[in-house]
Amino acid sequence: MIRINENYLKLNASYLFSDIARRVADYSKKNPDKEIIRLGIGDVTLPLPPACIVAFHRAVDDMASEKTFRGYGPEQGYDFLREKIAEFDFRSRGARIAADEIFVSDGAKCDTGNFQELFADDIAIAVPDPVYPVYVDTNVMGGRTGGYREGRYTGLVYLDSNEENNFVPDLPKKRADLVYLCFPNNPTGATATKEQLSRWVRYAHENNALILFDAAYESFIRDDSIPRSIYEIEGADEVAVEFRSFSKTAGFTGTRCAFTVIPKKCRAFAGKKKPVFIHQLWLRRQTTKFNGVSYPVQRAAEAVYSDEGRKQVRQLGDFYLQNAAVIRKGMGALGFPCHGGVNAPYIWIRGDRDSWAFFDMLLDRAGVVCTPGAGFGRCGEGYVRISAFNSHENVERALERIARALK
Ligand code: MLT
């Protein structure tokens, strides 16, 4: 008899963003004349930077000639891209990361989701609440949690992020072996200071724990005192893995390119307390299960680090941050307390009703899609997330419509 992995039965019926997409599609079907403005899922709207497009075209031409054609590439990415990443994203900020500590992939969602495979079934896992649902759902699938009760899975350690702690969670009171952190945060837009990250790095050392640090939104940081990488913290290279993405940085959501950084020193443990280097495990995993990102896409990503590419990427970020400022100002003027949206493309807004009711109200009365905070966890109840990824015009129109709907 073929039997299923029953952990899947513990999951909510559908993934948060699929659920929202279904509700929006239902609404459109019932209201075919209503134009919808999407400020829900964080999907970019501006095209790839011109420098990336030129490199992309050139690499497609390489594939057309026998001399320059490439077949399978290295699973962990081409050196030309790994070298640039190490130099521009890390060494330029004083983080000692080498090219062979970078694993190029097709998305931070896949990497943050797949990474749990490396760890034992019975480790204690801490996740922030609210949280990007991928961290939780993939651990549910992997059988590391109990059932779902009152908005939480039993067996997980939830780290409350709320207005009292400025959406930067405190250290766990219970043991945690694996800790997921995300800064700038999805969904709250909060950022962590050097001191706050240092506290987590110290915790990981003292408790033989590991931090999975999702930095997919680092390119939106404009305040130079905020660390962009956890490796700016002394000692993090032994206790932290970092996930990055070109999706939001350079508009690669549809093109797919990201990377995971695993310093060679980064360790977990086997048996009673034998250190095992995670770099070797992930290399083994990737060479078995992954055949790398396509050559033209990696060439396009490499162009992000050229002189023009760096300028253009900065402009992309500035464009969405201008939207974020407009959303903060507009929603604030309507009387809703707003968080995030300064060094992040998400604005976390406290509504005056429950999250899904706010979502429904914005969709029905304003034709605007947001993301209900409760979809990110129990602490998200009462909030909605508005994304800055859209045109200036649509953001302005969305705010006008919301203001009208609330009158
Ligand atoms: C989000 O809206 O939270 C993100 O776009 C989802 C993702 O990057 O997978």
Side-chain angles (χ1 to χ4, degrees), residues 11-12 14-24 36-46 105-116 127-139 141 161 167 180-191 212-220 242-260 293 301 316-317 320-321 323-324 327 339-341 343-349 355-356 358-359 362-363 368-377 379-380 383-390 394-395 398:
L11 292 165
N12 287 330
S14 55
Y15 180 60
L16 173 63
F17 291 105
S18 317
D19 189 8
I20 293 169
R22 189 182 41 74
R23 288 173 191 239
V24 174
I36 290 171
I37 300 178
R38 290 167 203 274
L39 302 175
I41 192 165
D43 194 5
V44 293
T45 54
L46 290 176
S105 78
D106 60 351
K109 178 179 184 179
C110 319
D111 285 356
T112 53
N114 290 328
F115 218 79
Q116 42 78 30
V127 290
D129 180 354
V131 66
Y132 179 43
V134 170
Y135 316 153
V136 172
D137 287 5
T138 52
N139 276 296
M141 292 168 179
S161 309
F167 301 99
Y180 288 82
L181 294 177
C182 173
F183 291 109
N185 188 260
N186 178 13
T188 65
T191 52
L212 298 185
F213 189 75
D214 185 348
Y217 298 93
E218 60 74 36
S219 68
F220 295 93
E242 182 165 307
F243 303 91
R244 292 273 188 111
S245 171
F246 293 101
S247 283
K248 321 291 156 114
T249 310
F252 275 61
T253 51
T255 309
R256 311 307 308 152
C257 198
F259 59 93
T260 289
V293 174
L316 279 187
Y320 295 123
L321 286 170
N323 283 346
I327 295 166
H339 305 272
N343 291 287
Y346 296 126
I347 302 91
W348 188 240
I349 298 165
S355 296
W356 280 104
F358 205 103
F359 169 88
L362 286 191
L363 184 58
V368 172
V369 182
C370 67
T371 308
F376 297 103
C379 292
Y383 292 84
V384 292
R385 189 193 76 176
I386 294 193
S387 142
F389 295 112
N390 212 311
N394 277 347
V395 165

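Remember, predicted model here, so these are calculated numbers, not experimental data. Remember, it's 1-based here, ligands and their atoms both numbered in the order they're listed.
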* Every residue of the protein that comes under 4.0 Å of ligand 1, judged on heavy atoms -> Phe17, Ile41, Gly42, Lys109, Tyr132, Asn186, Tyr217, Lys248, Tyr346, Arg385

* Could I get the full list of salt bridge (Lys or Arg N to Asp or Glu O under 4.0 Å) partners for Arg38, not counting sequence neighbours? =>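 Partners of Arg38 by the salt bridge (Lys or Arg N to Asp or Glu O under 4.0 Å) criterion come out as none, since no residue qualifies.
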
Classify the ring geometry of [X] against [Y]: parallel below 30°, tilted from 30° to 60°, perpendicular beyond 60°.
X: Phe220; Y: Tyr217; value: tilted
X: Phe252; Y: Phe246; value: tilted
X: Phe183; Y: Phe213; value: tilted

* Check whether any side-chain heavy atom of Leu363 sits under 4.5 Å from a side-chain heavy atom of Val369, and report yes or no. =>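 Leu363 vs Val369: side chains touch.
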
* Asked: Using a distance-only test with no angle check, is there a side-chain donor-acceptor pair under 3.5 angstrom linking Asn343 and Thr191?
  ->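 On atom types as modelled, these side chains do not qualify, holding no pair under 3.5 Å.
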
